[in-house]
Amino acid sequence: MTAPDLYSLPKAELHLHIEGTLEPDLAFELADRNRITLPFASVDDLAARYDFTDLQSFLNLYYATMDVLRTEDDFAELTRRYLQRATAQGVRHAEIFFDPQAHVARGVPFEAIVDGIGAALADASRDRDVSGGLILCFLRDHPVDGAENVLTAALERVDSLIGVGLDSAEVGYPPSLFTRVFDRARAHGLHAVAHAGEEGPASYISEALDLLRAERIDHGIRAVEDPALIEFLAQEEIALTVCPLSNVRLRAVPDLAAHPLRTLMEAGVRVTVNSDDPAYFGGYIGDNFVAVADALDLTPLEAMRLAQNSVESAFAPLDRKVALLHEIDGWAERAGLPLT
Ligand code: HPA
Ligand code: ZN
């Protein structure tokens, strides 16, 4: 039997920074359109810089390049291109992170960001039955005041959002700093997630759960260092949105073969596979599934479990989740796998 195609496996993407889908060619296109001079000689010159030593070395380029995003149309075009690639790799539901503080500080109106991303999501919903939503991420390495202010602006458009998250440089910026901001967001019905345990310690994962009431943990791979925490995550069915190619590119793990994904799965943790910043890390979500399945010898049933986990952990209505789980069953049936 040939191996089933993991690209066509229906899945939900739960950890995706829209700014991290900015491919070098689109960066130059938008720079031209907005009459901005990028500090890179060419598309190839920019692409050649996608060689990182840690999270900060990536973030430096990520924040520099996103300067080309200026208008609602820019955000719509960026999101349209992402959804095209993602749906070609099996994505049926996408929860999209965005970093408004990084744009508002450059004079981009908050509305232009959410309306642009929202328009592309609405088109994909109408034309391709893709569902999804927006998760506003606070920049943890900026003063907390900035997060409070952007939340105040965002609450005017709270219906455009499904949740809040926490990203950017992790070490030295513990979740506890953002307890009050998250309290406010949750009081307005927003879901909560947080990056924790990517470069930072396992204790940041516990803090994100206890203080921010995070419902999912983004990355979370350093949970493997704390057996009691692993047991808690498994028991409480808290999803980790793991991004294997990101972890290799940012050197959170030495290589894919050493990735703790299998260990976490075998401990009963609800692991999902996602792409993080696919334009920068060498692949979109299907590429992550294929790479990690190859490196860790995941069986087709294990890959299917990862996709089921993604749907089960999504902030989507129950009927949508049931429909997507049926789509996964259909994929398994066509691949000749036993239904679970
Ligand atoms: N980690 C933290 N912050 C980020 C990332 C990431 O991988 N990508 C974009 N912002
Ligand atoms: Zn991330």
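Just so you know, ligand 1 is whichever comes first in the structure, and atom 1 is the first atom listed for that ligand. Heavy-atom basis, side chains included; hydrogens, waters and symmetry copies ignored.
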Evaluate side chain to side chain contact (heavy atoms under 4.5 Å, CB included) for Tyr173 paired with Leu166, printing each intermediate quantity in order. CA-CA 10 Å; Tyr173 303 99; Leu166 188 64; over 6 Å; no
So for ligand 1, is His15 a polar contact partner (N or O within less than 3.5 Å, distance only)? no
Is the distance between the Zn ion (ligand 2) and the nearest N/O/S atom of His219 smaller than 2.8 Å? no
Using 2.8 Å as the threshold, say whether any N, O or S atom from His17 sits that close to the Zn ion (ligand 2). yes
Below 4.0 Å from ligand 1: does a non-hydrogen atom of Phe97 turn up there or not? no
Taking the six-membered ring for Trp and the full ring for Phe, Tyr or His, determine whether the centres of Phe98 and His103 are under 6.0 Å apart. no
Would you confirm whether Arg213, through its side chain, and Asp183, through its main-chain N or O, come within 3.5 Å as a donor-acceptor pair? no
Report the part of Tyr62 (side chain from C-beta onward, or backbone N, CA, C, O) that has a heavy atom under 4.0 Å from ligand 1; answer both or neither where that applies. side chain
For ligand 1, find out whether one of its N or O atoms is nearer than 3.5 Å to an N or O atom of Asp99. no
Under 4.0 Å from ligand 1, counting heavy atoms only, is it the side chain of Glu198, its backbone, both or neither? side chain
Among protein heavy atoms, which lies nearest atom 10 (N) of ligand 1, and at what distance? His17 CE1, 3.6 Å
Of all the heavy atoms in Gly20, does at least one lie under 4.0 Å from an atom in ligand 1? no
Can you confirm, on distance only, whether ligand 1 has an N/O atom lying under 3.5 Å from any N/O atom belonging to Ser246? no
Closest non-hydrogen protein atom to atom 8 (N) of ligand 1, residue and atom name please, with distance? Asp277 OD2, 2.7 Å
Nearest atoms (heavy-atom pairs only) where Ser8 meets Trp331: OG-NE1, 3.3 Å
Between Tyr62 and Phe58 (judged by ring centroids, cut-off 6.0 Å), do the two rings come close enough to count as a pair? yes
Starting from the C-alpha separation in whole Å, work towards a yes-or-no answer on side chain to side chain contact (heavy atoms under 4.5 Å, CB included) for Gln308 and Asp329. CA-CA 9 Å; Gln308 288 167 327; Asp329 286 346; 4.3 Å; yes
Closest non-hydrogen protein atom to atom 3 (N) of ligand 1, residue and atom name please, with distance? Ser168 N, 2.8 Å
If you take all heavy atoms of Arg320 and Ser131, which pair is closest and at what distance? NE-OG, 2.8 Å
If you consider just the N/O/S atoms, which atom of His195 is the closest one to the Zn ion (ligand 2)? NE2
Any N, O or S atom of Asp276 closer than 2.8 Å to the Zn ion (ligand 2): yes
Numbering as shown, the atoms of ligand 1 that approach His219 to under 4.0 Å (heavy-atom distance): 7 (O)
Establish, yes or no, whether the cationic atom of Arg216 lies under 6.0 Å from the six-membered ring centre of Phe315 and within 45° of the ring axis. yes
Would you please indicate yes or no on a ring centroid separation below 6.0 angstrom for Tyr280 and His17? no
Show, in sequence, the C-alpha distance, side-chain angles and deciding distance for His219 and Ser246, and conclude whether the side chain to side chain contact (heavy atoms under 4.5 Å, CB included) test is met. CA-CA 10 Å; His219 293 294; Ser246 164; 3.9 Å; yes
Going by the order shown, which atoms of ligand 1 are within less than 4.0 Å of some heavy atom of Phe58? 8 (N), 9 (C)
